Amino acid sequence: SSQSDSKDEL
Amino acid sequence: MNIFRLAGDMTHMFSVLVLLLKIHTIKSCAGVSVKTQELYAIVFATRYLDIFTSFVSIYNTFMKLVFLGSSFSIVWYMRYHKAVHRTYDREQDTFRHWFLVLSCLLLALLIHEKFTFLEVLWTFSLYLEAVAILPQLVLLQRTRNIDNLTGQYIFLLGGYRGLYILNWIYRYFTEPHFVHWITWITGLVQTLLYADFFYYYFLSWKNNKKLN
């Protein structure tokens, strides 16, 4: 889960 | 989405629009490094490969298309539009940017969170974005002629990076488990490059004032 929610950024 | 992230994205979009406006209306890319623009095109092309695999929001998809479209348009203008290409500082813009691409690719192969194709390319795009402004800063130091629009472009890009750091601080305190070392460190390195540039930009501006 750690990396996935930073992928909602551009 | 918090206010810092939104303000950061808008600042980022304005920076690109300022540059496109300059190139499209004045038909000049004097002082603009095509190497930096090519690096950004590679950054967006490798980071947004997930446009086909994961959907976050219409906002995200729209912005990704804006950044992909604008970065490739700028490179196209500078390389292939005859009038614009004539104004390009070819002799001064000599930074060996493929060296940066290769180094960042190697680093992404060594340091990443997961060894998958998309993940390594995503990490590569973070490393490359951190240093993508270098050819532009070197070109500015060489030509020593910075027009208003090029100055605003770099100023807006720096603002975007600063706002993203505030966004991460905000998210760290409001969202549980929001920890992204690679994103943060590369983001910090990138912001420091801008801060260093602005520091010297401010110093030379102050000295010019004194001379007057």
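Letters go in sequence order (proteins before strands), and every chain restarts at 1. The model shown is predicted, which means the values in this text are computed figures rather than measured ones.
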Hydrogens and angles aside, do B/N60 and A/E9 bring a side-chain donor and acceptor to less than 3.5 Å of each other?
no
B/F14, CZ atom: more than 12 neighbouring heavy atoms under 6.0 Å:
no
Would you say the side-chain atoms of B/Y48 pair up with the backbone N or O of A/L10, donor to acceptor, closer than 3.5 Å?
yes
Name the member of B/Y164, B/W168, B/F67 that forms the most heavy-atom pairs with chain A at distances under 4.5 Å.
B/Y164
Would you say B/Y200 has more than 12 foreign heavy atoms packed within less than 6.0 Å of its OH?
no
More than 12 heavy atoms of other residues, nucleotides or ligands under 6.0 Å from CG of B/L110: yes or no?
yes
Within the supplied structure, the quantity of interest is the number of heavy atoms (other residues, nucleotides, ligands) at a distance under 6.0 Å from B/F173 CZ; does it exceed 12?
no
B/Y172 atom OH: more than 12 heavy-atom contacts under 6.0 Å
no
From CD (B/E119) to NZ (A/K7), nearest 0.5 Å
3.5 Å
If one checks every heavy atom of B/D9 against chain A at 4.5 Å, the contacting part turns out to be side chain
